[in-house]
Amino acid sequence: MTKINTITVKSPANIAFIKYWGQKDKTLTLPYHDNFAMNLSDCTTTVTIDVYDDPKKQEIKVKPYKQTDFSPAPESVTKSVTKFYQTVRDYLEMVDDIGYTVWVEHTFPHKAGIASSASFFSALALAFVSAFGQKLPEKELSILARLSGSGSAARSIPDGFTWWHMGSSDDKNGFSASSFAESMHPPDYWDLTDVVVITSQEEKKTGSQDGHGTAETSPFFADRLISVPDRLKEMEQAFEEKNFTRFGTLLEQEALSMHFVMMTQEEPLFFWSGKTVEVLKKVLDLRRQGTECYYTIDAGQNVHIMCEGKNTDTVASFFQEQSEVEEVIVNKPAVGARVIVDEE
Ligand code: DP6
């Protein structure tokens, strides 16, 4: 067996300001509405693929956060990577298979509500395409990342502040070309910071995939669908004006709207811990004391706190000192997925 090539891709996690929860089309991973996010500079995943001439070689190795060694990936990860490899191959209409070892490394705890599958699958999309010796335009890479099943991965392909167009199921090739993410603003458009507050590195018990499937069962879901388009429009306006107070107010309303749905769907999903609630209250306290900052939460117990660049140190050091907090990770707006090594 001969190694032909090595490709390394680095891709950011992203934090959704207007969230994606529930799927209009489960097979194609289509959201019910457009959504909007920011790529994170310091929560990234690096995927390296060693490409072999023997297609029987299909290996995945993972180095968990803060560990020094790689170990074989759990079966669930192996399964989803193998499935996604086939999706990429079909999309590219490749005739011959490749062999691969995939090496995965995160700079943050995974499966803890910090979008590790977004950074992982966006990196994997670009890495597999490159491993097949192909190139795709950004829009198609975003479509491909979405087809991994981790829809938010679509938003980690373009740069900066990204907008995922919901698209529709009715196109002919079965991939839905109308559902993709694009950059609305480059990373340096607005000096914002996302202070990720880690209250626990524990893996969440229910993945987003299971949760999306029953979002419609919440009595609040229909109301959410009515309110999101207006909130999205207002958020877009707040971005145009760089109105941080308006942005933050909408950010918190949106996070709570999604979590009310989560908490009331069948089976209810309650991602918050007691520590989460304490952190949320402290965000309000800090704001009352004059440091403007706002929270949002994804599918996990950890909290994302948004502030303007000038308040980064105050917010980060305040939360670092709190008893509920294990660690803070300071993120600036970042570029999307990039090939960083491609060598024969
Ligand atoms: C709550 O299905 O993209 O983060 O597979 O866990 O990455 P993972 O999630 P995905 O759903 C994301 C759900 C969300 C909100 C959001 O990011 O829009």
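Counting convention: from 1, in listed order, for ligands and their atoms alike. Here, residue 1 is the first one in the sequence, and each next residue gets the next number.
Pairing each heavy atom of C307 with each of E292, the nearest pair is CB-O, 3.8 Å.
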Dump the intermediate steps for side-chain hydrogen bond (donor to acceptor under 3.5 Å, both in side chains) on T6 and E343, then the final yes or no. CA-CA 5 Å; T6 296; E343 58 193 16; 5.2 Å; no

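Judged by a 6.0 Å distance limit and a 45° cone about the ring axis, K57 is positioned over the six-membered ring of Y52. A cation-pi contact, defined as under 6.0 Å to the ring centre and within 45° of the axis, is absent between K66 and F108.
Distances between N or O atoms of Y20 and those of ligand 1 include at least one value under 3.5 Å. Between K19 and ligand 1, no N or O atom pair is found at a separation short of 3.5 Å. The distance criterion of under 3.5 Å between nitrogen or oxygen atoms is met by R155 with respect to ligand 1.
Near M258, meaning under 4.0 Å from any of its heavy atoms, are these atoms of ligand 1: 1 (C). Atoms of ligand 1 lying under 4.0 Å from at least one heavy atom of A16, given by number and element, are 16 (C), 17 (O), 18 (O). Set against the non-hydrogen atoms of S117, the atoms of ligand 1 under 4.0 Å away are 5 (O), 6 (O), 7 (O), 8 (P). Proximity to D298 (heavy-atom distance under 4.0 Å) selects the following atoms of ligand 1: 4 (O), 15 (C), 17 (O). Counting the atoms of ligand 1 from 1 in the order shown, those under 4.0 Å from a heavy atom of H212 are 2 (O), 10 (P), 11 (O).
Checked options H212, E216, R224, Q23; the residue passing with Y32 is E216 (criterion: side chain to side chain donor-acceptor pair (under 3.5 Å)). Screening N331, T296, D194 against H304 for a side chain to side chain donor-acceptor pair (under 3.5 Å) leaves a single residue, D194.
Here S150 has heavy atoms under 4.0 Å from ligand 1 in both its backbone and its side chain.
Within a 6.0 Å radius of NZ in K19, more than 12 heavy atoms belonging to other residues, nucleotides or ligands are found.
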